Amino acid sequence: MSQWTHIATIGRVELRRRWRVLEENTAQLVAIALSGLLFVPFSLAGLAGLYFFGAGIAAGDIETPLEALRMGLIYLWLFTAGFGGFRAYSTALRPDRLDGLLTTVSHRELLGGLMFAEFVLWGGIAVLAGGAGALAFAAGAGSVVLAPLAFLAACTAVITALTTGFVGALFVRNTGVRSKLLTRLRTALFVALGVGYFWVLITQNFASVLDPLYRALEPTPIGWYGDLVLLGTDGKASIGRGIGVALSSAAFVLASGVLLPRLAEWLWYADGVHIEHEAAATSSAGEPRLSSVLPQPVVGVVVADWKRARRSPVSLSFTLYPLTMLVFPITTVVQTGTVGSSFPLVIAFCGAWITGSLFTLNVVGNEGAVLPTTLLGAAPGRTLVSGHAVAGTLLVAPVTVVATVVLGLSSPHAVTAVGTLALSALVLSLCAGPIATGIGAAFPRFEAVSVSRSRKAIVPSLLAFTVYSVVLGVVALPALLGHSSFVADAFASLLGTSTVVIGLAGVAVTALIAGLLGVLSAYYAIRSVESFHLE
């Protein structure tokens with residue numbers, strides 16, 4: 001087989017393997033299908049926008065079409081390069097059975113096959129979108145020449161951007177495998193990037209990031225794609241820049257054909273740095289204090305949960321779902337500069353939601369390979385259930401209560417309402433863990449699943465998380481409604497009492513239901529562990 005045949009075969013196998021992995025993950029398949037459906041109206045809106053943009057150029061309604069088109073193409077290039085770099089870093093450059101593949105084919109052929117799969121997957125979409133957009137733009141402008149020029153500019157921009165993403169990802173990964181400092185700080189760097197991303201998203205201050213990048217790229221060939229599109233249409237479009245961007249793009253792709261294999265060789269054949277962690281002490285700093293108030297077996301489970309979370313944060317990735325509920329409220333607070341009356345309620349509920357979902361939604365499956373040893377201990381059911389519940393409560397409950405109080409005092413709520421709302425947050429946080437234990441025991445998961453392209457972890461089942469979320473929402477409803485201004489005022493007026501009494505009544509109802517469900521759920525979880533022990 002020739003080198004090109006090897007590359008095509010590797011690419012086809014990679015595409016087929018990805019499809020099989022996707023077929024096994026029903027939730028991801030449904031999410032992609034829904035995203036595809038949502039993409040249709042946005043695509044139609046984009047085509048309509050390009051048509052009217054072309055019509056505006058033809059009618060002379062747009063004073064600076066070159067600058068507008070240049071900005072749009074630069075932003076398209078930036079988005080594609082960022083997307084391609086992320087895909088390359090997290091997925092494309094991490095093939096399964098890498099060592100085995102490198103013993104049968106060269107690193108050049110393997111890299112070519114992986115890039116072939118990426119370009120077929122995303123390049124096909126780009127070609128279809130670019131062709132449709134070019135036709136819509138040319139139809140609006142009433143110029144046949146614009147169609148091939150716009151199509152050439154769009155496809156060239158996407159190809160160079162995806163290639164740049166691969167180059168950047170290989171540079172980053174090569175640096176990571178050779179630097180002990182970066183290896184140690186990898187998690188902190190990713191957290192910082194995540195915080196920065198969400199901060200920009202919340203503040204809507206995209207200009208602070210995009211404007212400097214635009215100004216830096218505008219004088220480069222990346223800023224010349226607009227000239228290529230408007231050749232012969234706009235007098236400000238330079239023929240030299242239009243031809244120059246086509247030639248420079250071709251030269252960049254050819255140079256990348258030499259650079260990329262060399263970077264891949266350095267990465268895949270590198271020994272990599274190894275971080276040797278010092279042996280941990282027999283007890284952590286907080287363990288003696290916990291041992292003074294909790295039985296030692298329970299403390300052992302708590303400390304084990306915390307260590308697992310620190311060593312493998314990806315196993316807690318499902319807790320991002322509750323955090324997504326906070327994005328819009330936080331955005332509103334940041335943009336308006338005021339804390340609304342509903343925000344403390346959301347904080348109280350989401351804090352309890354996270355508390356119960358950290359360690360207690362899979363009390364048996366979390367133990368993994370050490371489960372047989374764990375079940376040999378005294379009262380393993382009570383130890384496991386109590387330990388997992390305490391681990392999440394100690395971490396999140398104090399933060400939830402404090403945040404509820406601080407935000408409540410900053411909101412229109414009265415001081416007495418803040419006190420009862422803080423009590424609600426405390427009750428929900430204390431009972432969320434026990435409630436989750438029984439649900440997790442009813443729908444356990446023992447096998448590791450793909451959390452990301454290259455990482456697997458034992459996480460709660462989607463069914464357990466869904467049932468727990470619904471149950472906790474129903475349990476928290478009386479307390480949340482009792483502190484809602486509209487509902488509390490309505491009931492206070494109807495019953496002829498104060499809103500403080502309505503809030504206390506909501507807390508009492510929630511506490512009664514949560515306490516009862518918590519006891520029953522924890523009992524069921526303990527019995528499930530014990531019955532598993534007897535099998």
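What you see is a predicted model, and the numbers here were worked out from it, not measured in a lab.
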Q: For Ser469, is there any backbone N or O sitting under 3.5 Å from a side-chain donor or acceptor partner on Trp353?
A: no

Q: Side chains of Val519 and Pro434, heavy atoms from C-beta outward: is any pair under 4.5 Å?
A: no

Q: Is the closest side-chain heavy-atom distance between Thr360 and Tyr468 below 4.5 Å?
A: no

Q: Strictly by side chain to side chain donor-acceptor pair (under 3.5 Å), give each pair with a member in residues 338-351 just once, sequence neighbours left out.
A: Thr336-Thr338

Q: Would a distance-only check, ignoring hydrogens and angles, find a side-chain to backbone donor-acceptor pair under 3.5 Å from Asn174 to Leu267?
A: yes

Q: Any side-chain heavy-atom pair from Leu98 and Leu110 closer than 4.5 angstrom?
A: yes

Q: Using the ring of each side chain (for Trp, its six-membered ring), is Phe79 parallel, tilted or perpendicular to Phe83, with breaks at 30° and 60°?
A: parallel

Q: Rounded at 0.5 Å granularity, tell me how far OG1 in Thr91 sits from CG in Leu121.
A: 10.5 Å

Q: Hey, could you give me the CG/OG1 distance between Leu428 and Thr400, rounded to the nearest 0.5 Å?
A: 10.0 Å

Q: Side chain to side chain contact (heavy atoms under 4.5 Å, CB included) for Ser429 and Leu426? Distances and angles first, verdict last.
A: CA-CA 5 Å; Ser429 297; Leu426 179 61; 5.6 Å; no

Q: With heavy-atom distances below 4.5 Å as the criterion, would you say the side chains of Phe491 and Ser484 are in contact?
A: no

Q: Any sub-3.5 Å donor-acceptor pair from Ser411's side-chain atoms to Gly408's backbone N or O?
A: yes

Q: How close do Met115 and Phe166 get, counting heavy atoms only, and between which atoms?
A: CG-CE2, 3.6 Å

Q: Any side-chain heavy atom of Phe349 within less than 4.5 Å of one from Leu472?
A: yes

Q: Starting at OH of Tyr524, measure out to CD1 of Ile439 and round the result to the nearest 0.5 Å.
A: 11.0 Å

Q: Okay, side chain of Arg173, backbone of Leu93: is any donor-acceptor separation there less than 3.5 Å?
A: yes

Q: Might you point out which heavy atoms bring Ala126 and Val158 nearest each other, and give the distance in Å?
A: CB-CG1, 3.7 Å

Q: Indicate the atoms forming the closest heavy-atom contact of Phe359 with Gly392, along with that distance.
A: CD1-N, 3.5 Å

Q: Looking at every non-hydrogen atom in both residues, tell me the closest pair between Val339 and Ser410 and how far apart they are.
A: CB-O, 3.9 Å

Q: Tell me if the CZ atom of Phe86 is crowded by more than 12 foreign heavy atoms within 6.0 Å.
A: no

Q: Is Ser424 reaching over with its side chain to a backbone N or O of Thr420, donor-acceptor style, under 3.5 angstrom?
A: yes

Q: For the CD atom of Glu14 and the CG atom of Leu114, what is their distance to the nearest 0.5 Å?
A: 5.5 Å

Q: Using a 3.5 Å distance criterion without hydrogens, assess whether the side chain of Ser357 forms a donor-acceptor pair with backbone atoms of Ile354.
A: yes

Q: For the backbone of Val475 and the side chain of Thr510, can you confirm whether one donor and one acceptor N or O come within less than 3.5 Å of each other?
A: yes

Q: Holding to salt bridge (Lys or Arg N to Asp or Glu O under 4.0 Å), I want the full list of residues that pass it with Arg87, two or more places apart in sequence or in another chain.
A: Glu118

Q: Counting only heavy atoms not in Tyr523 (residues, nucleotides, ligands), do more than 12 fall under 6.0 Å from its OH?
A: no

Q: With a sphere of 6.0 Å drawn around CZ of Phe343, does it hold more than 12 non-hydrogen atoms of other residues, nucleotides or ligands?
A: yes

Q: Kindly compute the distance separating CG (Leu361) from CD1 (Ile435), expressed to the nearest 0.5 Å.
A: 11.0 Å

Q: Could you grab the distance from atom CG of Leu409 to atom OG1 of Thr404, nearest 0.5 Å is fine?
A: 10.5 Å

Q: If I compare all heavy atoms of Ala264 with all of Leu111, which pair ends up nearest, and what's the gap?
A: CB-CD2, 3.9 Å

Q: Side chains of Val507 and His483: does their closest heavy-atom pair fall under 4.5 Å?
A: yes

Q: Check this for me: Phe119, atom CZ, are more than 12 non-hydrogen atoms of other residues, nucleotides or ligands nearer than 6.0 Å?
A: yes

Q: Taking side chain as C-beta onward, heavy atoms only, is Ile347 less than 4.5 Å from Pro344?
A: no

Q: State, with a plain yes or no, whether a side-chain heavy atom of Leu395 is found less than 4.5 Å away from one of Trp306.
A: yes

Q: Is the backbone of Phe443 close enough, under 3.5 Å, to the side chain of Ser461 for a donor and an acceptor to pair up by distance?
A: yes

Q: Can you give me the closest heavy-atom contact between Thr393 and Ala389, atom names plus distance?
A: OG1-O, 2.8 Å

